[in-house]
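Read through the structure below, which is laid out as structure tokens, and then see the notes.
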Amino acid sequence: MSRVVCPGSFDPITNGHLDIIERASSLFDEVVIAVLVNQTKSSLFTVEERIEMIKEVTAKYKNVRVDSWSGLLVDFCKSNQINTIVKGLRAVSDFDYELQMSQVNLQLQGVETLFMATAPSHSFLSSSLVKEIASHGGDVSAYMPAAIVSKLKSRVASKKS
Ligand code: PNS
């Protein structure tokens with residue numbers, strides 16, 4: 001059985017993430033979405049909130065499950081019998097960092113990384129960008145499912161009040 005992990009902060013999940021998850025789910029037997037605690041970033045949503053949101057918008061993919069991890073991604077892979085990471089590459093600007101991560105993960109535990117080219121329509125999309133747009137009252141409905149848009153709007157509003 002081919003099992004892969006799609007890791008990320010998912011703070012919150014966007015259509016860019018969903019594009020990669022959907023395409024990975026058609027290529028592999030099982031896709032595990034791992035919400036990782038990224039110590040270099042402060043988050044808008046708790047890990048539990050992010051998991052709930054991801055579950056809601058990926059429920060239609062029967063071979064996708066959601067989990068979380070605090071620590072090295074390769075240790076998550078080891079404890080879940082996963083030897084392949086799938087990541088989206090948006091642009092050249094992603095490449096240096098992603099290459100470095102993939103080489104570290106290969107050296108640490110022999111975990112392979114497969115890069116999937118992001119659909120051109122999502123090549124500029126990131127959770128950070130979407131949060132910035134929402135924080136200034138901009139329309140983010142093109143960038144994420146409606147269920148996530150409403151949660152993002154209310155979280156941004158509650159942060160301001
Ligand atoms: O969505 P993001 O924030 O770009 O995802 C980055 C993430 C969480 C996948 C990456 O930071 C990560 O793998 N963190 C776990 C810690 C780790 O294994 N780091 C690599 C070796 S130092």
Side-chain angles (χ1 to χ4, degrees), residues 3-25 27-28 30-58 61 64-135 140 142-145 147-149 151-152 155-156 159:
R3 180 185 293 140
V4 296
V5 60
C6 281
S9 304
F10 302 102
D11 186 44
I13 190 164
T14 69
N15 288 343
H17 295 125
L18 283 167
D19 168 48
I20 299 297
I21 292 163
E22 180 176 72
R23 287 160 57 203
S25 80
L27 292 170
F28 301 99
E30 188 180 14
V31 177
V32 182
I33 303 172
V35 178
L36 277 123
V37 179
N38 187 336
Q39 285 158 348
T40 65
K41 288 184 186 173
S42 62
S43 60
L44 188 60
F45 293 96
T46 66
V47 169
E48 292 71 26
E49 288 169 332
R50 286 180 255 164
I51 290 175
E52 276 317 302
M53 288 189 279
I54 298 168
K55 281 186 176 169
E56 188 176 342
V57 297
T58 60
Y61 308 117
V64 171
R65 70 176 170 88
V66 191
D67 206 340
S68 66
W69 188 256
S70 178
L72 289 177
L73 176 57
V74 289
D75 289 335
F76 176 83
C77 292
K78 199 176 169 190
S79 34
N80 286 273
Q81 292 82 48
I82 295 171
N83 57 22
T84 310
I85 298 163
V86 170
K87 296 204 101 179
L89 264 191
R90 289 169 295 196
V92 175
S93 50
D94 282 343
F95 187 73
D96 277 352
Y97 175 69
E98 293 297 344
L99 180 66
Q100 192 181 19
M101 296 280 274
S102 68
Q103 289 169 333
V104 164
N105 290 332
L106 184 64
Q107 186 155 57
L108 284 174
Q109 292 279 0
V111 177
E112 296 285 356
T113 302
L114 300 181
F115 292 112
M116 213 176 249
T118 301
S121 52
H122 299 132
S123 63
F124 61 90
L125 192 51
S126 70
S127 299
S128 310
L129 192 72
V130 168
K131 283 186 281 192
E132 187 172 347
I133 296 168
S135 74
V140 292
Y143 310 133
M144 56 216 325
I148 311 297
V149 173
K151 289 183 176 76
L152 177 56
R155 178 56 50 92
V156 164
K159 288 257 169 192

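This is a predicted model, so every value here is computed, not measured. Counting convention: from 1, in listed order, for ligands and their atoms alike.
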Task: Min side-chain heavy-atom separation Pro12-Met144 under 4.5 Å - done: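 Yes - at least one pair of side-chain heavy atoms lies under 4.5 Å apart.
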
Open item on the list: Tell me whether the rings of His17 and Phe10 are parallel (<30°), tilted (30 to 60°) or perpendicular (>60°).
Closed with: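 Because their plane-to-plane angle lies in the 30° to 60° range, the rings of His17 and Phe10 count as tilted.
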
TODO: With sequence neighbours excluded, tell me which residues meet side chain to side chain contact (heavy atoms under 4.5 Å, CB included) with Phe95.
DONE: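 Only Leu89, Leu99 meet the side chain to side chain contact (heavy atoms under 4.5 Å, CB included) criterion with Phe95.
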
- [ ] Only counting residues at least two apart or in another chain, list the ones meeting side chain to side chain contact (heavy atoms under 4.5 Å, CB included) with Asn83.
- [x]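 With neighbours one apart ignored, the set is empty.
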
For each nitrogen or oxygen atom of ligand 1, which protein N/O atoms lie closer than 3.5 Å, and how far apart are they, rounded to 0.1 Å?
residue, atom, partner, partner atom, Å
ligand 1, 1 (O), Ser9, N, 2.9
ligand 1, 3 (O), Ser9, OG, 2.5
ligand 1, 3 (O), Asn38, ND2, 3.3
ligand 1, 3 (O), Lys41, NZ, 2.7
ligand 1, 18 (O), Leu73, N, 2.8

Open item on the list: Going by salt bridge (charged side-chain N to carboxylate O under 4.0 Å, His left out), name the pairs with one or both residues in residues 107-135, residues two or more places apart or in two chains.
Closed with: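 Matches after skipping sequence neighbours: Asp11-Lys131.
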
TODO: Please assess Ile85 against Asn105 for the test side-chain contact (heavy atoms from CB on, under 4.5 Å), listing each intermediate value before the final yes or no.
DONE: CA-CA 9 Å; Ile85 298 163; Asn105 290 332; 3.6 Å; yes

